[in-house]
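Remember, it's a predicted structure, so these values are computed and weren't measured experimentally.
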Amino acid sequence: MSSNPVAVTVASLMPRAKEELTELVAFKSVADFDQFPREESEGAARWIAAALTAEGFQDVALLDTPDGTQSVYGYLPGPEGAKTVLLYAHYDVQPPLDEAGWTTPPFELTERDGRWYGRGAADCKGGVIMHLLALRALKANGGVPVNVKIVVEGSEEQGTGGLERYAEEHPDLLTADTIVIGDAGNFRAGLPTVTTTLRGMTLVRVRIDALEGNLHSGQFGGAAPDALAALVRVLDSLRAEDGSTTVDGLTGDSAWQGIQYEEEQFRKDAKVLDGVGLIGSGTVADRIWARPAVTVLGIDCPPVVGATPSVQASARALVSLRVPPGVDAAKATELLRAHMESHTPWGAGVTTEQIGQGQAFRADPASPAYQAMADAMAVAYPGQEMQYAGQGGSIPLCNTLAALYPKAEILLIGLSEPEAQIHAVNESVSPDELERLSVAEALFLRNYAGGAA
């Protein structure tokens, strides 16, 4: 790290950052209250509110959002006439999946091989700590030169839209000149990157019914319609022979014009097994940033252990469709539902239900805030030029904020580089990335306010 005073300060704060991230990761803040206690999420929200209060934020509040979760808000006033910057992160996390697959407990931050492991360490509790580090570094070096609003969401991973609806109902709350979304990541560790596009997403549950009840497969199999087999046919219809997504009426031939993702590097990042090919056509960047992608997230059917020789009467699945920029998520949802209904074989009964949706997002990298960030990144990452990349994931709030505040510039940075393995077992954060991005955010706020780096 450089001898820049802000960088020196951030470096000195890293032990404290680790302690705080340890405390925050310990909350099992999965916003699915059928699986995890509500108190875990509310405890994380209270922790963040207390941290903001300790930093001098005003109007700190736990926002009860329409989906039954809490987001945390605070306001830190800057000099008179200063610009306003909104900082965003989220404290809710994905379930740990198979806890036995974790090398160390998922809700205990553990240092190993130069990284800090724990669910949410990168996505996105580390983003909360990044914001705090940046502000503390500025306060120790002349003060924070802008008005700062911060909002930390409690249900981003669930896609239930609580904060989006709350923002729409309280449009003055999050107004800002620029918005920094701390929930993206560098293209690879050590390469400073801003994300300029996000795919949208829709979640649809499909159920197929074929019989009044299960039947003996020896007595009835071969003639009785099998709901599970029908579901397999439906799900298979969503992919072409090469694995490309095929939803009737949905185009899938867009091309990505920015930084490219080399296939061998992608295979390594995705941990593709030897001899297994990638799916789809076009460049890797085309496939993951510019085109739709369907994923079967789960199937309800009998498990192998304990299965009986039966023809299944009913079966259902949860299907995700990532929607590229330029495609309306609501229209994509209609097309996905119509496709599955029309491809159900044998006249079986089929019902589809939308359970989540978020629009895609495209930023304007020509705006002044991007130059301020590029200058900040050049100090935080000496010798590296800031890159522009897409992200296959979704942050539905981005489009809500863009619609509410069309004049605001929106930048996406964060800690979710490929080695972080977000949403998977053994998620981790690079403390070097946390340190450098905290420096970059602090210097960005100074540059954006018109001061020198």
Side-chain angles (χ1 to χ4, degrees), residues 1-14 17-18 21 85 87-89 113-116 121-124 126-138 140-141 145 178 180-197 258-262 265 268-269 285 363 365-391 409-422 428-449 451-453:
M1 189 62 68
S2 73
S3 59
N4 180 283
V6 168
V8 172
T9 301
V10 170
S12 72
L13 292 171
M14 288 303 291
K18 184 181 181 183
L21 187 56
V85 177
L87 305 178
Y88 167 89
D113 301 324
R115 298 183 68 92
W116 300 345
D123 183 25
C124 179
V128 177
I129 303 302
M130 177 183 73
H131 293 326
L132 291 175
L133 279 172
L135 296 174
R136 287 168 182 162
L138 287 174
N141 290 276
T178 283
V180 178
I181 305 290
D183 190 27
N186 286 341
F187 181 66
R188 63 173 183 270
L191 183 65
T193 309
V194 290
T195 298
T196 57
T197 66
I259 191 172
Q260 292 298 312
Y261 205 149
E262 296 300 325
Q265 184 62 51
K268 179 181 178 182
D269 292 341
S367 63
Y370 277 81
Q371 185 58 57
M373 182 62 79
D375 293 342
M377 292 283 202
V379 176
Y381 292 84
Q384 296 282 2
E385 182 178 347
M386 188 175 77
Q387 302 294 315
Y388 302 95
Q391 183 170 295
E409 303 175 68
I410 300 179
L411 299 94
L412 293 98
I413 62 172
L415 301 163
S416 299
E417 38 79 27
E419 292 180 65
Q421 293 287 284
I422 65 169
S428 68
V429 68
S430 163
D432 291 338
E433 290 287 88
L434 175 58
E435 183 176 344
R436 291 182 185 276
L437 284 166
S438 299
V439 172
E441 180 167 282
L443 296 180
F444 161 75
L445 293 174
R446 184 179 288 177
N447 293 347
Y448 185 66

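- Taking S430 as the reference, nothing meets the side-chain hydrogen bond (donor to acceptor under 3.5 Å, both in side chains) condition, with sequence neighbours excluded.
- Here the CD1-OG1 distance, from I410 to T195, works out to 13.0 Å after rounding to the nearest 0.5 Å.
- A search for side chain to side chain contact (heavy atoms under 4.5 Å, CB included) contacts involving T193 returns N186, F187, L191, Q387, A389, not counting sequence neighbours.
- In this structure, S12 has no side-chain hydrogen bond (donor to acceptor under 3.5 Å, both in side chains) partners at least two apart in sequence or on a different chain.
- Qualifying side chain to side chain contact (heavy atoms under 4.5 Å, CB included) partners for A189, counting only residues two or more places apart in sequence or in other chains: E417, E419, E433.
- Not counting sequence neighbours, the partners of Q265 by the side-chain hydrogen bond (donor to acceptor under 3.5 Å, both in side chains) test are D269.
- A137 approaches T9 most closely through the heavy-atom pair CA-CG2, 3.8 Å.
- Checked options L87, V180, L434; the residue passing with M130 is L434 (criterion: side chain to side chain contact (heavy atoms under 4.5 Å, CB included)).
- The two residues P192 and G190 have their closest heavy-atom pair at CD-O, 3.6 Å.
- Contact between A285 and Q260 at its shortest, heavy atoms only, is CB-OE1, 3.7 Å.
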V379 and V6: CA distance, side-chain angles, deciding distance, side chain to side chain contact (heavy atoms under 4.5 Å, CB included) verdict: CA-CA 10 Å; V379 176; V6 168; over 6 Å; no

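- Of all non-hydrogen atoms in T178 and A369, the two that sit nearest each other are OG1-CB, 3.8 Å.
- Every residue two or more places apart in sequence or in another chain that forms a side chain to side chain contact (heavy atoms under 4.5 Å, CB included) with Q421 is listed here: K271, A424.
- Under the 4.5 Å side-chain criterion, counting only non-hydrogen atoms from C-beta, V429 is not in contact with I129.
- With sequence neighbours excluded, the residues forming a ring-ring contact (aromatic ring centres under 6.0 Å, His included) with F444 are Y448, listed by chain and number.
- Distance check: M373 CE to I413 CD1 gives 4.0 Å after rounding to the nearest 0.5 Å.
- For E385 (side chain) and G383 (main-chain N/O), no donor-acceptor pair under 3.5 Å exists by modelled atom type.
- Remark: L132 CG to L13 CG distance equals 10.5 Å, nearest 0.5 Å.
- Counting heavy atoms from C-beta outward, V194 and Y388 have side chains that approach closer than 4.5 Å.
- Residues P365 and T196 approach most closely at CB-CG2, 4.2 Å, considering heavy atoms.
- Every residue meeting the salt bridge (Lys or Arg N to Asp or Glu O under 4.0 Å) condition with K18, not counting sequence neighbours, appears here in chain and number order: E111.
- Between S438 atom OG and M14 atom CE the span is 6.5 Å, to the nearest 0.5 Å.
- Residues satisfying the salt bridge (Lys or Arg N to Asp or Glu O under 4.0 Å) criterion with E409, sequence neighbours excluded, are absent altogether.
- Q371 is linked by a side-chain hydrogen bond (donor to acceptor under 3.5 Å, both in side chains) to D375, counting only residues two or more places apart in sequence or in another chain.
- Here S416 pairs with A122, D123, I422 under the side chain to side chain contact (heavy atoms under 4.5 Å, CB included) rule; sequence neighbours left out.
- Between L135 atom CG and E441 atom CD the span is 7.0 Å, to the nearest 0.5 Å.
- Between L437 atom CG and M377 atom CE the span is 5.5 Å, to the nearest 0.5 Å.
- Counting all heavy atoms, side chain and backbone alike, G127 lies closest to L415 at N-CD1, 3.7 Å.
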